[in-house]
Amino acid sequence: MNAAEREEHYLIEGPSVLRGVVRISGSKNAGLPIMAGALLTAREVTIRNVPSLKDVMTMKQVLEWLGAKVQFEKNTMTIDAREIERCETPFELMNRMRASVYVMGPLLARFGKVRVPMPGGCAIGSRPINYHIAGLQQMGANIVLDHGFVEASCRKLKGARIYLDFPSVGATCNLMTAAALADGTTVIENAAEEPHIIDLAWFLKSIGARIKGEGTKTITIEGVSKLHGASHVLIPDQIEAGTFMTAAAITSGKVWIENMRVTDLKPIIVKLKEAGVSIREQKGALRVHGRKKINAAELTTMPYPGFPTDMQPQMLALLSLGGGVSIVKETVWENRFMHVAELCRMGADIRVQGNTAVVKGVEKLTGAEVTATDLRAGAALVLAGLAAEDVTRVFAIEHVDRGYESFPEKLTQLGGKIRRIVPGEEEKIIQAMPSAS
């Protein structure tokens with residue numbers, strides 16, 4: 001075993017044909033801002049269908065650091081933010097997960113102050129929070145950037161009309177939560193329309209906020225003086241559902257997707273059908289049937305309701321096995337093609353020109369040692385490994401753990417030959433794996 005193999009990783013024996021039923025977990029992208037939104041009230045909040053993920057556990061640590069009491073068991077989380085002890089988040093937690101910036105709006109609205117480390121960029125591109133800052137300033141916050149920290153304070157936030165230059169999901173979340181307790185009415189124009197924005201609005205309404213227009217470009221929030229407790233169920237994870245749909249497609253499998261919202265998946269469904277995948281809704285589930293022949297396709301990532309950037313790597317893996325030439329344009333993140341080099345190690349023929357990937361379909365992929373550069377890139381490499389001949393090892397799987405609950409277990413239940421390899425246990429696990437048919 002070489003040095004790389006001593007790292008924890010996935011070992012995938014392909015090719016596999018996935019068959020069966022998979023149940024989609026709750027939405028990570030909805031859960032994180034909703035957890036932060038629980039800071040708005042001094043009453044207990046219960047959130048159900050919460051996925052057990054690294055990012056969720058990090059946000060739990062952020063809330064506990066602030067002084068909230070958080071319990072998490074069997075995908076149900078209770079948050080009691082009655083006695084918040086501090087309004088500052090430590091650098092080590094912010095550095096681990098940028099989404100901890102979601103606490104800015106709730107803390108500023110309820111306590112009139114907040115101090116958070118300035119989030120840096122991540123592997124797929126820089127993520128400035130200038131839209132968050134500009135919006136909060138329009139609501140009356142005094143903001144100072146000092147030694148890598150953002151310090152905000154106010155006597156009371158005031159309603160304002162805010163236009164976002166870009167429909168930023170993070171800024172929309174922070175401004176919605178901040179406006180919930182502000183004096184007067186806030187109107188967010190060019191707001192993000194993603195499904196998790198709608199779910200955040202549903203949660204805020206359940207605790208007494210007055211919001212309308214969620215899911216459209218204009219969201220209106222009428223501030224109230226006080227919010228109460230409530231119970232809320234997270235929507236299913238749109239990206240996890242899309243990932244398993246693509247897994248069925250790339251393995252020529254037949255998979256039933258349960259616990260999903262078809263309306264959230266329409267942009268993904270359209271492109272999978274263009275690639276030749278059969279998708280039918282039956283009895284509240286989606287039947288996804290991959291064909292032997294994968295068609296070439298063209299797609300451009302865009303904010304919702306466009307094709308989601310979080311599905312681009314998985315689709316790129318699928319199209320690498322397509323017939324003809326596919327064109328994939330990435331317009332959201334400037335550096336989200338790092339998985340291309342890893343797919344090419346497996347035999348894919350992909351050339352990147354600026355923000356465009358030109359994909360010439362190949363007949364087969366071959367197993368190789370590859371490294372996940374980010375969360376969705378890791379999922380794409382796992383999918384490629386399931387379709388590839390021979391053995392694939394995917395390293396840096398801590399990225400995948402951030403966003404997929406029980407990923408290898410769910411794939412195994414569908415017939416995928418994938419194992420998490422813990423150093424020192426590899427020989428035993430390989431011997432236990434069934435041979436590729």
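What you see is a predicted model, and the numbers here were worked out from it, not measured in a lab. We're numbering straight along the sequence, starting at 1.
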Handout entry: Arg161 vs Glu189 side-chain heavy atoms within contact, under 4.5 Å
Key = yes
Practice task
Could you tell me whether the side chains of Glu44 and Thr78 share a donor-acceptor contact shorter than 3.5 Å?
Solution key: no
Handout entry: Over 12 non-hydrogen atoms of neighbours within 6.0 angstrom of NZ in Lys156
Key = yes
Practice task
Establish, from distance only, whether the side-chain atoms of Glu405 and Ser25 form a donor-acceptor pair under 3.5 Å.
Solution key: yes
Exercise for the section: Measure from the side-chain N and O atoms of Asn190 to the backbone N and O of Tyr163, and report whether any donor-acceptor pair falls under 3.5 Å. Expected result: no
Practice task
Answer yes or no: does atom NZ of Lys266 have more than 12 heavy-atom neighbours from other residues, nucleotides or ligands under 6.0 Å?
Solution key: no
Practice task
Sort out for me which residue in Thr172, Leu136, Thr186, Ile219 forms a side-chain contact (heavy atoms from CB on, under 4.5 Å) with Ile162.
Solution key: Thr186
Handout entry: Leu66 vs Leu107 side-chain heavy atoms within contact, under 4.5 Å
Key = yes
Handout entry: Pairwise side-chain contact, Thr243 with Met311, heavy-atom cut-off 4.5 Å (strictly under)
Key = yes
Problem - Ala182 to Met139 - nearest heavy-atom pair and separation - result: CB-CE, 3.9 Å
Exercise for the section: Report yes or no: does Trp65 contribute a side-chain atom to a donor-acceptor pair with the main-chain N or O of Glu88 at less than 3.5 Å? Expected result: yes
Problem - Nearest atoms (heavy-atom pairs only) where Ala180 meets Leu40 - result: CB-CD1, 4.2 Å
Problem - Salt-bridge contact Asp310-Arg336 (side-chain N to carboxylate O under 4.0 Å) - result: yes
Problem - Check: Glu222 main-chain N/O paired with Thr185 side-chain donor or acceptor under 3.5 Å - result: no
Exercise for the section: Could you tell me whether the side chain of Arg376 reaches within less than 4.5 Å of the side chain of Gln312, counting heavy atoms only? Expected result: no
Exercise for the section: Of all the heavy-atom pairs spanning Arg48 and Ser231, show the shortest one and how long it is. Expected result: NE-OG, 3.3 Å
Fill in the blank from the handout: In this structure, CG of Leu375 is separated from CD1 of Ile397 (nearest 0.5 Å) by 12.5 Å
Exercise for the section: Indicate yes or no for a side-chain donor-acceptor contact from Glu298 to the backbone of Ile327 under 3.5 Å, with no hydrogens or angles considered. Expected result: no
Completion exercise
Rounded to the nearest 0.5 angstrom, the CG-CD1 distance for Leu411 and Ile418 is 5.5 Å
Exercise for the section: Could you check Tyr404 against Val382 for side chain to side chain contact (heavy atoms under 4.5 Å, CB included), going step by step and ending with a plain yes or no? Expected result: CA-CA 12 Å; Tyr404 291 93; Val382 169; over 6 Å; no
Exercise for the section: Measure from the side-chain N and O atoms of Ser406 to the backbone N and O of Glu409, and report whether any donor-acceptor pair falls under 3.5 Å. Expected result: no
Practice task
Could you tell me whether the side chain of Asn142 and the main chain of Cys154 form a donor-acceptor pair under 3.5 Å?
Solution key: no
Practice task
Starting at CD of Glu7, measure out to CD of Glu369 and round the result to the nearest 0.5 Å.
Solution key: 9.5 Å
Exercise for the section: Given side chain to side chain contact (heavy atoms under 4.5 Å, CB included), test Trp202 with Ile235 step by step and report yes or no. Expected result: CA-CA 10 Å; Trp202 289 344; Ile235 60 172; 3.9 Å; yes
Problem - Short side-chain to backbone donor-acceptor contact, Gln238 and Asp264, under 3.5 Å - result: yes
Exercise for the section: Would you indicate whether Arg43, at its atom CZ, is surrounded by more than 12 heavy atoms from other residues, nucleotides or ligands within a distance under 6.0 Å? Expected result: no
Practice task
Determine whether more than 12 heavy atoms belonging to other residues, nucleotides or ligands lie under 6.0 Å from atom CD of Gln282.
Solution key: yes
Practice task
May I ask you to decide if Ile24's main-chain N or O and Asn259's side chain share a donor-acceptor pair within less than 3.5 Å?
Solution key: yes
Exercise for the section: Write down the atom of Gly378, the atom of Ala372, and the distance for their closest heavy-atom approach. Expected result: CA-CB, 3.5 Å
Practice task
Go through the steps for Phe203 and Leu234 under the test side chain to side chain contact (heavy atoms under 4.5 Å, CB included), then give the verdict.
Solution key: CA-CA 9 Å; Phe203 165 74; Leu234 291 186; over 6 Å; no
Practice task
Please say whether more than 12 non-hydrogen atoms of neighbouring residues, nucleotides or ligands are located less than 6.0 Å from CD in Glu274.
Solution key: yes
Practice task
Flag the pair Ile197 / Tyr304 as yes when at least one side-chain heavy-atom distance between them is below 4.5 Å, and no otherwise.
Solution key: no
Exercise for the section: Can you measure from OG1 (Thr246) to CD (Gln314) and round to the nearest 0.5 angstrom? Expected result: 6.0 Å
Practice task
Report yes if some heavy atom in the side chain of Pro305 is under 4.5 Å from a heavy atom in the side chain of Glu193; otherwise report no.
Solution key: yes
Problem - Spacing of Leu200 atom CG and Thr177 atom OG1 [to the nearest 0.5 Å] - result: 7.0 Å
Exercise for the section: For Arg110, enumerate each residue passing the salt bridge (charged side-chain N to carboxylate O under 4.0 Å, His left out) test, keeping only those at least two apart in sequence or located in another chain. Expected result: none
Problem - Heavy-atom side-chain proximity of His232 to Asp199 below 4.5 angstrom - result: yes
Problem - Thr309 and Glu330: side chain donor to acceptor below 3.5 Å - result: yes
Exercise for the section: Give me the ring orientation class for Phe166 and Tyr131: parallel if the planes are under 30° apart, tilted from 30 to 60°, perpendicular past 60°. Expected result: parallel
Problem - Atom NZ of Lys205 with >12 non-hydrogen neighbours under 6.0 angstrom - result: yes
Completion exercise
d(Ile207 CD1, Ile34 CD1) to nearest 0.5 Å is 10.0 Å
Handout entry: Positive for salt bridge (charged side-chain N to carboxylate O under 4.0 Å, His left out) with Glu240, one of Lys410, Lys28, Arg23, Arg261
Key = Lys410
Exercise for the section: Taking the side chain as every heavy atom from C-beta outward, state whether Val169 and Cys173 have any atom pair closer than 4.5 Å. Expected result: yes
Practice task
Decide if atom NZ of Lys60 counts as having more than 12 heavy atoms of other residues, nucleotides or ligands within a radius under 6.0 Å.
Solution key: yes
